[in-house]
Every structure is written in structure tokens, then in C-alpha cells.
Amino acid sequence: MYNEIIKLPFQKALSKLNINEEVDIILEFPKNPEHGDLSTNIAMQLAGKLKKQPRQIAQEILDTIEYDKELINKLDIAGAGFINIKFSNKFYSQALKNIYEIGNNFGKSDKGNGIKVNVEYVSVNPTGLLHLGHGRNACIGDTIANLYVWMGYVVTREYYFNNAGNQMNNLAKSIYARYRQQLDNPDFPFPENGYHGDYIKEIANDLINGNSDKLIEENEENLTIIRKFGEKWCFGKIKKTLERMSIHQDVYYNEDSLYSDGKIKDVIDEFKKKQIAYEKDGALWLALSKMGLEDDRVIVKSTGEPTYRLPDIAYHREKFLRGFDLLIDIFGSDHIATVPDVLAGVKALGFGPDKVKVYIHQFVTLTENGEQIKMSKRTGKSYTLDDLLDEVGPDVVRFFLLMRGISTHLEFDLGLAREQSDKNPVFYLQYAHARLCSVFDNAESKGLKLNDDVDFQLLQHETEINLIKQLLTFPDFIELACNKGEPQVLADYLRELAAAFHVFYHDCRILGVGDKLSIARLALAKVTLIAMKNGLTILGISAPTRM
RNA sequence: GGUCCCGUAGCUCAGUUGGAUAGAGCACAGGUUUCCUAAACCUGGGGCCAUAGGUUCGAAUCCUAUCGGGAUCACCA
């Protein structure tokens with residue numbers, strides 16, 4: 001939008017002045033409205049290179065630059081050498097016309113150009129229920145996937161899991177113990193590192209209901225049946241919880257298939273061929289120290305069993321082989337140590353590390369009245385994501401989990417979340433949407449319909465111009481949120497958009513001000529409605545028509 | 001002890017990648033509705049940007065050290 005109108009004249013002016021230094025023309029939105037609508041620090045950037053005063057360079061640019069005076073009111077120099085740009089209202093009415101004509105797709109982009117992206121998130125093994133931390137991971141992953149879709153990428157949403165190994169056996173033993181305790185022996189010993197959660201008792205109960213005492217003998221065969229039962233039970237719950245938050249994933253990738261399909265062996269062979277794997281003490285080591293990392297690590301234990309690194313590397317390789325151009329991983333901070341190893345391994349296999357983006361989010365703490373609520377697994381009294389969804393509903397959960405930057409610890413304030421009032425920030429956005437819908441309902445009942453014959457130049461009020469300004473940046477914020485992997489960027493933007501709308505709504509009547517003006521304001525309202533709806537959709541939050 | 005994240009208003013957090021007088025929500029004090037939803041709007045108080053140095057025209061932002069909170073460390077995943 002701003003490119004042709006602003007950047008081009010600047011570029012031309014610079015070349016006329018024979019300034020050929022490589023500089024980006026950075027445009028900023030000044031905080032202080034007295035500094036114009038847009039400003040650039042180009043003169044200051046050039047000052048060092050040209051060894052001249054910034055203000056002098058700025059003056060030379062202004063003496064040379066040619067621009068459309070219908071669209072730009074004035075350019076002036078301020079402060080240390082900023083060039084401030086002030087647009088005309090005509091600029092804004094034209095800009096609004098442009099985005100009005102885009103319609104429902106406002107905010108969509110084709111910059112992704114059909115590039116195939118795989119976003120992997122949640123990826124919890126089926127040994128238990130989802131808690132708040134998983135919820136954060138799920139919402140971040142789902143929203144980032146949505147952002148990529150809106151940016152024109154082709155997105156696959158993936159869930160990676162492991163249904164073999166120690167933890168699953170542990171689950172089976174835990175269920176078995178509860179099964180015996182409920183069935184015939186209240187004192188049956190519970191495994192030392194077993195899963196203490198109450199859900200294990202539920203599983204045991206369901207097991208009894210379906211099988212009675214058929215599985216009472218402790219043998220390999222029965223434990224396998226119990227393990228599979230537990231896996232299915234947990235997966236069912238996990239998927240149901242995710243569904244409540246409108247999260248659907250396309251591919252459930254089983255780690256086990258990497259073994260059965262020989263992918264693990266392929267990777268070992270390739271590492272050996274490249275001479276970055278070696279045997280020592282009966283184990284196979286990956287020579288990470290040759291790749292700039294501190295220590296070499298074991299990838300196959302002396303027992304012949306791979307460590308987690310190997311399947312993780314094989315899995316990433318497999319995703320590339322499946323044809324993805326970009327891999328995105330969403331991890332909790334507990335995975336932070338494994339990332340460099342896996343990335344180094346993937347790189348060693350010839351896949352550029354710039355093709356893998358890893359987003360690591362910090363933990364969630366649940367608080368109420370300033371006090372922390374424990375979510376420990378040990379005690380069995382864990383507060384699950386389902387509990388939270390029951391209590392405050394999916395919109396509040398999603399918004400709360402997305403409204404902070406992913407790299408900060410997130411404090412989930414249960415008291416605030418429960419609040420069904422104006423204190424709760426999510427309602428501020430939803431209310432803007434509901435208000436807009438109601439305006440259109442009223443317009444329709446008055447027989448006023450939006451058509452293509454809109455005189456956008458009637459929009460001159462300060463709050464109208466301000467709302468237009470806000471709307472114009474919607475696509476930029478989607479792109480920024482996508483590139484940064486930060487849903488919060490979009491959440492913040494939507495709050496500001498809602499604020500700009502509420503102020504406009506307060507100061508300017510939309511209906512009953514004469515058909516021509518009403519139509520123009522309805523057009524502005526329409527674009528706002530679309531942006532708000534699209535933004536909420538990307539965040540996975542419902543857009544109510546009535547509140 | 002090593003690595004990573006964080007430290008900004010009473011609380012929870014932003015800060016457009018180094019720019020102009022550091023922002024928002026909540027909380028607190030006050031005000032606005034014969035009029036499209038008051039879940040809204042307006043006004044006000046509130047800050048040594050953890051601390052100490054450094055880099056430069058310019059630092060909350062970059063570098064170094066220190067302090068404090070969290071995560072992590074393996075032939076566990």
C-alpha cells in the first residue's frame with residue numbers, strides 16, 4: 001500500500017541526488033500524532049555513510065522529491081532528521097475503497113506462494129490428559145498454522161507421537177495396578193514411577209466394565225491389551241479436548257513407523273557414510289563436536305536401542321522427504337536442550353537449518369487471587385485443560401493462552417478468566433464484532449443496504465480516519481505475527497482495532513445521518529467487521545453476532 | 001556449574017528489531033446514555049525500563065559482568 005506512494009518517490013529522489021548507498025527505506029508509525037502519519041529515518045541512516053548532517057540530507061531529499069500532492073499533504077523535517085509524512089484524507093478514502101473491494105478475503109495474502117509447510121504441535125504421547133502447558137502449545141501451533149494458511153502457504157498440521165517404549169509400559173502397569181486394586185486386591189502395589197492421576201482409575205474402571213476380570217493374570221499378553229486400551233483411551237480424550245478448542249490435525253505420525261519402515265536404519269547408514277557417527281563403549285555416537293556443538297551424544301545405546309535424538313532426526317528428515325519446504329516445530333521449554341542436537345543432525349543430512357523453524361514457548365502457571373494453583377501430576381490432583389474448558393469456555397482459554405508473547409512465562413489468571421464482564425479482555429474484541437453485526441441488522445430493518453455506490457470521501461471525521469488507518473495495517477500484522485511466530489502480535493492488533501472501532505462508534509452515528517453518509521459509514525463498518533471476524537478466526541476464537 | 005527464557009506502572013504484559021515526551025489492560029479516583037448494544041467512551045494519578053559499566057548522533061532494545069525468577073543437563077523421552 002505504502003510502497004508505490006512513499007518508497008518509490010524516495011528511491012527516485014535518492015538516485016537523483018546520486019546517493020547509491022544500499023539502504024532500506026524504513027517507514028514507521030510515529031507514536032506522537034504531531035509527527036505525522038508515517039515517518040522515515042532515512043536521512044539519519046545515511047548520515048554516517050555520507051558523513052553529513054542528517055538534517056542537511058533530509059533537506060536535500062525534500063528539495064528533490066516529487067510526489068502526488070493529492071495524496072500526501074506535506075513532508076517535513078523534525079527532530080534529529082526524521083522526515084515526517086502527512087497523508088491527505090483523500091489518501092485514506094482511496095485506501096479504504098481498495099480494501100473494501102477486497103471483501104471477505106481482506107487480510108489474505110499470496111506471499112507464501114503455495115510453499116508447503118508442516119506445522120507440528122501438541123505431540124503429546126498417549127499416556128495422560130492434556131494440561132495447561134499442552135494447551136498453550138496447541139493454541140500457538142494451531143494459530144501459527146492458521147497464519148501460514150492466510151499468508152498463502154499450503155499447510156499440514158501434524159501430531160507426532162510414540163506409542164512404544166518405557167512410558168507406555170509404565171502406563172500399562174499403572175492401569176493394571178488400579179485394575180487389581182478395584183477388582184480383587186485393594187493393597188495391590190502401585191508401580192513406583194507410575195502415573196498417579198485419577199484418570200488412571202477411570203481407565204481401570206472402563207477396563208473392568210468391558211472385560212470384567214479377564215485380564216487379571218499378570219502376563220505380557222494382558223499387559224499389551226491393557227496398554228493398547230490405555231493408549232486408545234488417552235488419545236480419545238486428547239482429541240476430544242483439542243476438538244473443544246477447534247483444533248484438528250491432519251496427520252498423526254507414529255514414531256514407530258520410522259523403525260518399521262527402516263527410516264532409522266537409513267539415517268544411521270547415512271551418518272556412518274558421512275563419518276559423523278562412531279562406535280565407542282558399545283554405543284553409537286553422533287559427532288556433534290564436529291558440527292560446532294559442545295559434546296558428542298549417543299544415538300544408539302549399547303543395548304541396541306536408539307536414544308530420542310535418532311528418531312527425532314529421522315522424523316525431520318522424513319518430513320523433508322515427504323515434500324515439505326518448511327518445517328515448524330512448536331515445543332515447550334522443557335525440550336530446549338534437544339533442539340540444537342536435532343538441528344545439527346538434520347543439517348548433517350543435507351537439509352538447511354533455515355528450513356526448520358523451532359518455536360519454544362515458556363511454561364504456564366495457573367493463579368487465582370494472586371496465588372498459584374498447583375498442577376502437579378504426582379499428587380494426582382492435576383488441573384487439566386478439560387477442567388479449564390468446563391469452567392471458562394474455549395474462547396477465553398484460547399485468548400488467554402495466546403495473548404502473551406510465547407517466550408515469556410504465562411500467568412493464567414483464573415479469577416479474571418472466570419469474569420463474565422467487561423474486565424475480561426476477550427469480550428472486548430467479541431463485543432466489537434457483536435456491535436457491528438447489530439448495526440447491520442438495524443440497517444437492514446430500515447431498508448438500508450450496502451452497495452457499490454459508496455462515496456468514501458464523506459469519511460472525514462478524526463475517528464473515521466483513525467479507524468481506516470488501523471484497518472490498513474491488518475495484513476501487515478498478520479504477516480508480522482506469522483514471521484515472528486507470535487500470535488500475540490495479532491491479538492494485540494485486534495484489541496487496538498476494537499478500540500478504534502468503539503471510539504468511532506461512540507463519536508459517529510452510523511444510521512440516521514442521511515443515506516449517503518450512512519452508506520459510507522456502513523462501508524467502513526463492513527471492512528471492520530471483516531477484519532475483526534478474520535482476525536478472531538485466525539486466533540480460533542468465535543465471533544458472536546450478539547452478546 | 002554450563003546452556004536457554006524472563007526481569008518495564010500496585011498486578012498482568014506490550015514496546016514495530018537502535019529513534020522523537022516509554023505504552024496498554026486490570027486495579028484506583030472522577031465523568032458521559034431522551035441517540036445504532038454502557039461488555040462502550042472520556043479525564044486523572046502512577047516509572048531510576050533489575051544493577052553497574054561499554055558501543056554511538058541516540059539504548060528499555062546491542063555487548064560484558066553481577067543480582068533475582070523459571071526451564072534444562074543422561075546410554076530417560
Side-chain angles (χ1 to χ4, degrees), chain A residues 26-32 34-35 39 41 44-45 47-48 53-54 78-82 84 125 127 162 165-167 255 280-285 294-295 297-309 311-312 332-340 360-363 365 367 370 403-413 416 419-432 434-443 445-446 463 473 476-477 480 484 488-489 491-493 495-496 498-499 501-513 518 521 525 546-547:
Chain A
I26 296 170
L27 299 173
E28 299 182 312
F29 298 101
K31 295 168 214 158
N32 187 337
E34 281 171 31
H35 296 144
S39 80
N41 62 352
M44 287 131 106
Q45 283 188 291
Q53 292 297 321
F82 292 98
N84 294 334
N125 287 336
T127 58
N162 178 11
N166 272 335
Q167 295 310 313
E255 178 185 324
K280 193 179 101 184
D281 306 329
L284 189 68
W285 294 67
E294 283 285 308
D295 301 309
R297 300 286 184 195
V298 169
I299 51 175
V300 181
K301 296 187 250 178
S302 52
T303 59
E305 230 179 304
T307 64
Y308 70 87
R309 289 181 193 85
D312 273 8
S333 61
D334 52 336
H335 280 72
I336 210 153
T338 79
V339 171
I360 293 173
H361 62 86
Q362 298 296 316
F363 278 21
T365 52
T367 62
M403 69 179 179
R404 302 296 178 222
I406 68 167
S407 66
T408 63
H409 297 103
L410 188 150
E411 187 164 313
F412 196 110
D413 184 337
L416 183 61
E419 191 85 44
Q420 296 288 317
S421 74
D422 56 343
K423 283 179 196 163
N424 195 322
V426 67
F427 296 136
Y428 188 74
L429 308 189
Q430 293 184 314
Y431 181 60
R435 247 186 172 179
L436 281 157
C437 289
S438 124
V439 169
F440 281 96
D441 283 349
N442 291 330
S445 68
K446 287 185 179 170
T463 62
T473 58
D476 303 332
F477 277 92
L480 184 65
K484 287 177 76 167
Q488 188 233 16
V489 166
D492 268 4
Y493 168 81
R495 200 191 41 71
E496 274 177 37
F501 165 70
H502 285 308
V503 173
F504 156 71
Y505 182 91
H506 185 266
D507 285 8
C508 299
R509 281 197 61 82
I510 296 169
L511 304 177
V513 288
S518 282
R521 286 183 173 161
R546 192 175 296 278
M547 280 175 79

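Just so it is clear, the values below take in all heavy atoms, side chains as well, and ignore hydrogens, waters and symmetry mates.
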Is there a Watson-Crick or G-U wobble partner for [N] with both distances under 3.5 Å, and which nucleotide is it?
N      : answer
G46(B) : none
G25(B) : C11(B)
G18(B) : none
A65(B) : U51(B)
C41(B) : G31(B)

Of the candidate nucleotides [options], which contains the atom at the shortest distance from the side chain of [X]?
X         : options                : value
Glu305(A) : A77(B), C26(B), U16(B) : A77(B)
Arg435(A) : A40(B), A77(B), A39(B) : A40(B)
His409(A) : G69(B), U17(B), A40(B) : G69(B)
Thr408(A) : C13(B), A39(B), A38(B) : C13(B)
His506(A) : G25(B), C41(B), G70(B) : C41(B)
Tyr428(A) : C36(B), U37(B), C41(B) : C41(B)
His35(A)  : A77(B), A20(B), C73(B) : A20(B)
Tyr505(A) : C75(B), U37(B), C73(B) : U37(B)
Asn162(A) : A39(B), A77(B), C36(B) : A77(B)

Rounded to the nearest Å, what distance is computed from the [atom1] atom of residue [X] to the [atom2] atom of nucleotide [N]?
X         : N      : atom1 : atom2 : result
Phe29(A)  : G19(B) : CZ    : C1'   : 16 Å
Ile360(A) : C5(B)  : CD1   : C1'   : 9 Å
Gln362(A) : C13(B) : CD    : P     : 12 Å
Leu429(A) : A40(B) : CG    : C1'   : 14 Å
Phe82(A)  : U16(B) : CZ    : C1'   : 14 Å
Phe363(A) : U12(B) : CZ    : P     : 19 Å
Arg404(A) : U12(B) : CZ    : C1'   : 5 Å
Asp413(A) : C13(B) : CG    : P     : 10 Å

Name the nucleic acid region contacted by [X], choosing base, sugar-phosphate or nothing; use a 4.0 angstrom heavy-atom cut-off, strictly under.
X         : answer
Gly405(A) : sugar-phosphate
Lys446(A) : nothing
Ala432(A) : nothing
Arg546(A) : base
Asp295(A) : nothing
Glu411(A) : sugar-phosphate
His502(A) : sugar-phosphate
Ala443(A) : nothing
Ala337(A) : sugar-phosphate
Arg309(A) : sugar-phosphate
Met403(A) : nothing
Cys508(A) : base

Can a donor-acceptor pair under 3.5 Å be found between the side-chain atoms of [X] and the base atoms of [N]?
X         : N      : result
Asn41(A)  : A20(B) : no
Ser39(A)  : A20(B) : yes
Ser438(A) : C36(B) : no

Euclidean distance for [atom1], [N] against [M] (whole angstrom):
N      : M      : atom1 : result
A20(B) : A27(B) : P     : 30 Å
A74(B) : G2(B)  : P     : 16 Å
A71(B) : U8(B)  : C1'   : 22 Å
U3(B)  : C63(B) : P     : 14 Å
U61(B) : A14(B) : C1'   : 13 Å

Next on the checklist: Surrounding CD of Glu419(A) (heavy atoms of other residues, nucleotides or ligands, distance under 6.0 Å), is the total greater than 12?
Outcome noted: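 Yes, enclosed.
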So which atom in [X] and which in [Y] form the shortest heavy-atom distance, rounded to 0.1 Å?
X         : Y         : value
Ser518(A) : Leu511(A) : OG-CA, 3.7 Å
Pro30(A)  : His35(A)  : CG-O, 3.4 Å
Val489(A) : Phe477(A) : CG1-CD2, 3.7 Å
Ile360(A) : Val339(A) : CD1-CG2, 4.0 Å
Tyr428(A) : Ala499(A) : OH-CA, 3.1 Å

Checklist entry - Does U17(B) adopt a syn or an anti glycosidic conformation, taking syn as a chi angle within 90° of 0? => result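 You should classify U17(B) as syn.
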[N], OP1 or OP2 - any side-chain N/O from [X] closer than 4.0 Å?
X         : N      : value
Lys301(A) : C76(B) : yes
Lys423(A) : A27(B) : yes
Ser333(A) : C4(B)  : no
Asn424(A) : C26(B) : no

Checklist entry - At what distance, to the nearest 0.5 angstrom, does CG of Leu429(A) lie from OH of Tyr493(A)? => result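 The CG atom of Leu429(A) sits 11.5 Å away from the OH atom of Tyr493(A).
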Next on the checklist: One pair to check against side chain to side chain donor-acceptor pair (under 3.5 Å): His409(A) and Arg404(A). What are the steps and the verdict?
Outcome noted: CA-CA 8 Å; His409(A) 297 103; Arg404(A) 302 296 178 222; over 6 Å; no
Next on the checklist: For a ring-ring contact (aromatic ring centres under 6.0 Å, His included) check, start with the C-alpha distance between Phe427(A) and Tyr431(A), then their side-chain angles and the critical distance, and finish with the verdict.
Outcome noted: CA-CA 6 Å; Phe427(A) 296 136; Tyr431(A) 181 60; 9.9 Å; no
Next on the checklist: Are Arg546(A) and Asp441(A) packed together at the side-chain level, in the sense that at least one heavy-atom pair is separated by less than 4.5 angstrom?
Outcome noted: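 Answer yes - side chains close enough.
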Checklist entry - Which sits closer to the 5' end of RNA chain B, Gln488(A) or Pro54(A), going by the nucleotide each is nearest to? => result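 Whichever sits nearer the 5' end wins; that is Gln488(A).
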Next on the checklist: With nearest nucleotide decided by heavy atoms, which residue, Pro425(A) or Asn125(A), maps closer to the 5′ end of RNA chain B?
Outcome noted: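 Looking at RNA chain B, the more 5' nearest nucleotide goes with Pro425(A).
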